[in-house]
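Within every chain, numbering begins at 1; the chains are lettered A, B, ... in the order of the sequence lines, protein sequences first and strands thereafter.
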Amino acid sequence: MSEERTYDFRAVERSRQARWERDGIYVARDDDPRPKYYVLEMLPYPSGDLHVGHAKNYTLGDAVARIHRMRGFNVVHPMGWDAFGLPAENAAIQRGIEPETWTLDNIRNMQRQVRLIGTSYDWTRELATCLPDYYRWNQWFFVRLFEKGLAYKREAPVNWCPVDKTVLANEQVESGRCWRCGAAVERRNLAQWFFKITDYVERLLAGLDRLDGWPDRIRTMQRNWIGKSEGVTFSFDVENVEAQIEVFTTRVDTMFGATFVAVAPEHPAVAKILEKMPKARHRVEEFAASLKSKSELERTQLMEKTGVPTGAYAVNPLSREKIPIWVTNYVLAEYGTGAVMGVPAHDERDFEFARKHGLPIAQVITTPDGSLRAPLTEAFVEDGKLIASGEYIGMKSAGARRAIAARLEAMGRGKTSVHYRIRDWLVSRQRYWGTPIPIVYCPADGTVPVPEDQLPVLLPKGVQFTGQGSPLANDAAFVNTTCPTCGGPATRDPDTMDTFVDSSWYYVRYLDPHDAAKPFDKEIASRWMPVDQYIGGAEHAVLHLLYARFFYMFMVDQGYVTGDDEPFTRLFNQGMLLYRGEKMSKSRGNVVGIDEAVEKYGVDATRLFLLKAAPPEDTLDWTDEGIVGRVRFVQRVWRAAEPLAVAARSVPLDRLPEMRGDAQRELVRALHVALDSGKSETETHRFHYNVTTAKLDELINQLTAALRAPDAADDPAVRYVVHALPIVLAPFAPHIADELWSLMGYEGSVHLERWIEPDPAALAVEEITLVVQVNGKVRARIQAAPGIAEDDAFALAMREPTVTAQIDGKQVRKRIFVPDKLLNIVAA
RNA sequence: GGGGAAGUGGCGAAAUGGUAUACGCAGUCGCCUCAAAAGCGACCGAGUGAGAGCUCAUGUGGGUUCGAGUCCCACCUUCCCCA
């Protein structure tokens with residue numbers, strides 16, 4: 001009909017957002033007396049355009065923030081930009097745009113888009129990590145870490161990405177490939193800056209045990225990444241050569257089964273051996289040369305395990321047995337000690353190697369019953385009972401490990417030790433678009449950190465981007481400087497910091513974002529920290545989330561902030577958003593842009609779809625068909641509520657309305673079911689608002705049905721539900737909710753209102769459906785008053801022909817009664 | 001190879017060990033309309049039956065239980081992490 005008023009979502013959404021902005025309703029105050037709640041989404045990289053995949057993440061965080069605000073918390077919900085990084089530099093090389101220009105343009109656009117989806121961020125706290133206001137504190141932290149011996153420079157074999165032309169941290173190498181560009185990573189020896197995260201391994205591990213608000217998956221990944229293993233380090237003498245070869249093993253109980261020692265070609269003992277073994281020199285050097293160009297990936301995974309004998313023998317310190325020393329491709333110099341003892345009988349890799357090269361396989365562990373005997377067809381890697389092991393025969397693996405370790409220690413040959421897989425965090429990057437490392441090298445004073453009053457070391461503008469070499473290293477005006485200590489000529493470190501340094505502490509800067517004298521105020525930060533709910537994808541499990549924990553522990557240790565040393569109390573891993581079966585991304589060309597979606601369907605409908613289509617931790621397929629259901633929902637809300645908006649206010653929300661009949665009770669119940677769902681999904685931190693939105697559907701279906709009654713407009717129950725509608729919709733469809741609230745004549749925003757507490761009286765039902773089972777199968781459903789007694793229920797059940805038919809001729813053995821739910825009659 | 005998560009209608013999915021398939025999409029039918037769209041209403045797992053019903057169905061096969069989508073074991077498939 002022409003009279004039908006359709007809801008103009010474009011106009012309403014625009015005007016609501018303008019009002020929120022004008023009134024600053026999402027600004028968090030430090031002195032607010034209500035309990036604090038810090039909800040944070042991982043800060044985005046400003047790649048240029050926001051797509052609906054980003055929107056999925058922010059819509060969930062926003063619903064969590066809004067519902068907490070309505071439930072009486074002082075919510076801080078900030079947003080900013082992880083603005084340093086390679087794409088900006090690549091744009092500069094390819095298109096001649098300054099990285100800063102490219103980045104700031106992108107930020108402007110994405111800021112507009114994040115606002116466009118109706119998020120409730122406190123923009124007064126916005127930050128961009130590429131601005132000197134921010135990165136000067138990266139430098140400040142670097143110097144503090146340096147002073148404490150936690151930042152150091154050393155030459156080491158490092159991961160070099162030949163495409164991005166920079167080194168990478170271990171965490172940024174995935175299966176031997178660069179995490180960003182996918183190129184096979186090479187090994188290079190370079191002098192680089194490291195942060196000593198290894199000093200914190202035990203605390204990082206211990207903290208994980210307490211983080212029960214984190215997914216187990218992520219905790220396990222971090223534990224595995226840290227890779228703690230306890231074992232023994234001991235050394236072999238080399239026969240007739242002045243050298244020792246140190247090895248680490250977690251299975252010292254198998255040491256009588258060692259039939260060879262495998263070393264990396266670069267191991268220092270190899271050179272000494274070759275001096276004595278000239279005959280072997282040629283084949284060893286040839287072998288070493290063949291590996292020179294191979295990446296770590298190839299050596300440890302792609303290539304067959306192979307090697308050549310050096311001709312020298314190691315002496316097993318316990319058995320005095322002589323075993324050959326082999327140079328192999330699968331032992332790497334920079335892992336562990338660069339050498340391993342080869343126990344083919346009890347290690348799969350050694351078994352494979354021994355088979356190939358005809359080395360003996362000596363079984364020294366058998367199953368507890370002693371049944372497992374040579375010849376072995378595969379390595380037996382489990383613990384068991386020792387055989388062929390001198391005085392340790394008959395011991396169990398665990399006991400033998402202790403006994404042998406003690407013996408080696410007593411001999412002065414070894415000691416129990418703990419090894420970790422994690423290595424120190426390499427933070428130098430040979431790139432331009434990052435935080436300059438605040439270090440000066442002086443011929444007289446050596447390595448000198450830039451003093452605080454000379455920070456920031458500004459990133460120079462107008463440098464040349466050729467794609468060849470580091471732009472800062474080529475910039476003489478930047479590199480050449482004077483020594484802060486003696487004033488003589490000196491040079492700056494030409495590298496920039498890993499951008500993960502930026503994101504290691506940004507969540508504290510948000511709390512005091514404009515402080516010009518320090519990174520943040522201790523009192524303010526301590527009041528807001530830790531982050532109560534952190535939201536982001538699982539891809540950062542061993543990168544950002546590990547670095548940030550380390551950084552925060554350091555900050556707590558230094559007294560920059562007080563309280564627990566874990567920064568993120570709860571972590572929620574959002575599922576990915578797929579489109580046509582693939583991850584949505586620019587490079588795949590399958591992006592649904594946010595502007596497009598908002599223009600076509602509206603913000604509220606888009607948000608509701610992202611919440612409704614799947615639980616938030618699941619991957620979600622974006623479909624253009626599914627969202628029409630949410631567009632319809634928004635229109636249905638409007639058609640039901642708008643005509644009654646003014647009248648609805650006459651029925652107060654602080655108590656249940658007059659309910660004239662069952663229909664009214666059902667309608668009011670539907671409202672309270674939805675209120676209850678929103679509350680419990682939030683309090684349990686499950687955030688399954690897909691269920692809450694289904695309850696909203698049921699509510700609107702009920703309301704639409706109720707409005708068909710002739711006197712519906714005057715019905716207090718109808719008015720009450722319409723009056724409450726903006727509140728229950730507010731976290732999920734914030735625009736239409738606020739618009740309706742205004743139509744009701746309220747001056748303030750619905751987003752500053754209190755969530756209505758679900759009322760048990762409203763949730764209660766007049767009549768329950770009791771399921772009657774016979775031998776576990778549903779045979780009847782009977783309507784009864786809540787609280788019906790078992791005997792009464794049984795009597796009713798025995799009047800149902802479908803029940804008695806099943807019992808006929810049998811004896812009732814047992815009755816199981818679940819009050820108000822079910823009666824199971826067991827008959828045989 | 002090791003570890004983890006998941007598998008439910010045509011599709012997205014719901015379900016404290018207690019009515020499997022809520023809610024939405026798609027579809028079918030009806031009302032409204034000159035017609036269509038929109039809207040409103042009804043139906044919508046499979047088989048069987050005139051019908052009340054009955055049988056089967058949550059990847060496959062076992063098990064625990066009065067009762068299993070849910071817990072346990074094995075297997076298959078997919079995804080993720082580590083090597």
Of the listed nucleotides B:C66, B:A20, B:C56, the one nearest the side chain of A:K777: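 From the listed options, B:C56 comes nearest.
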First encountered from the 5' end of RNA chain B, between A:M576 and A:G776: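 Its nearest nucleotide being more 5', the pick is A:G776.
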Atom pairs and distances, side-chain donor-acceptor, residues 769-782 of chain A, under 3.5 Å, sequence neighbours left out:
unit_1, atom_1, unit_2, atom_2, d
A:T769, OG1, A:Q783, NE2, 3.2
A:N775, OD1, A:A827, N, 2.9
A:N775, ND2, A:A827, O, 3.1

Donor on one side chain, acceptor on other, A:Y420 and A:E202, under 3.5 Å: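 Looking only at side-chain atoms, A:E202 and A:Y420 do form a donor-acceptor pair, the distance falling under 3.5 Å.
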Test of ring centre spacing under 6.0 Å for A:W622 and A:F609: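 Yes, ring centres under 6.0 Å apart.
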Where do N or O atoms of nucleotides 47-51 of chain B meet protein N or O atoms at under 3.5 Å, pair by pair?
none

Just the table, please: protein N/O against nucleotides 62-65 of chain B N/O, every pair under 3.5 Å.
none

Contacts of type side-chain hydrogen bond (donor to acceptor under 3.5 Å, both in side chains), residue A:R421, not counting sequence neighbours: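 Scan of A:R421 (side-chain hydrogen bond (donor to acceptor under 3.5 Å, both in side chains), adjacent residues dropped) gives none.
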Residues touching RNA chain B, which here means a heavy atom under 4.0 Å, drawn from residues 682-695 of chain A: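 Residues of residues 682-695 of chain A that come under 4.0 Å of RNA chain B are, in numerical order, A:R686, A:N690, A:V691, A:A694.
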For A:F351, ring pair (Phe, Tyr, Trp, His ring centres under 6.0 Å) partners two or more places apart: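 Listed in chain order: nothing, the list is empty.
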All ring pair (Phe, Tyr, Trp, His ring centres under 6.0 Å) counterparts of A:H419, not counting sequence neighbours: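 Partners of A:H419 under the ring pair (Phe, Tyr, Trp, His ring centres under 6.0 Å) test: A:F248.
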Qualifying side-chain hydrogen bond (donor to acceptor under 3.5 Å, both in side chains) pairs, either residue in residues 338-350 of chain A, two or more places apart: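 Listed once each, the pairs are A:Y330-A:D350.
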Residue pairs fulfilling salt bridge (Lys or Arg N to Asp or Glu O under 4.0 Å) with at least one residue in residues 667-677 of chain A, sequence neighbours excluded: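 Of all non-adjacent pairs touching residues 667-677 of chain A, none passes salt bridge (Lys or Arg N to Asp or Glu O under 4.0 Å).
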Sub-3.5 Å pairs of nitrogen or oxygen atoms, protein against nucleotides 3-12 of chain B:
unit_1, atom_1, unit_2, atom_2, d
B:G12, O2', A:A613, O, 2.5

Secondary-structure stems, RNA chain B, at least 3 Watson-Crick or G-U base pairs under 3.5 Å: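 Result, WC/G-U stems under 3.5 Å: B:1-7 with B:76-82, B:10-12 with B:23-25, B:27-31 with B:39-43, B:45-48 with B:53-56, B:59-63 with B:71-75.
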Please output the side-chain donor-acceptor pairs of residues 700-712 of chain A that fall under 3.5 Å, not counting sequence neighbours, one pair per line with the distance.
unit_1, atom_1, unit_2, atom_2, d
A:N701, OD1, A:R636, NH2, 2.3
A:N701, ND2, A:D697, O, 3.4
A:T704, OG1, A:I700, O, 2.7

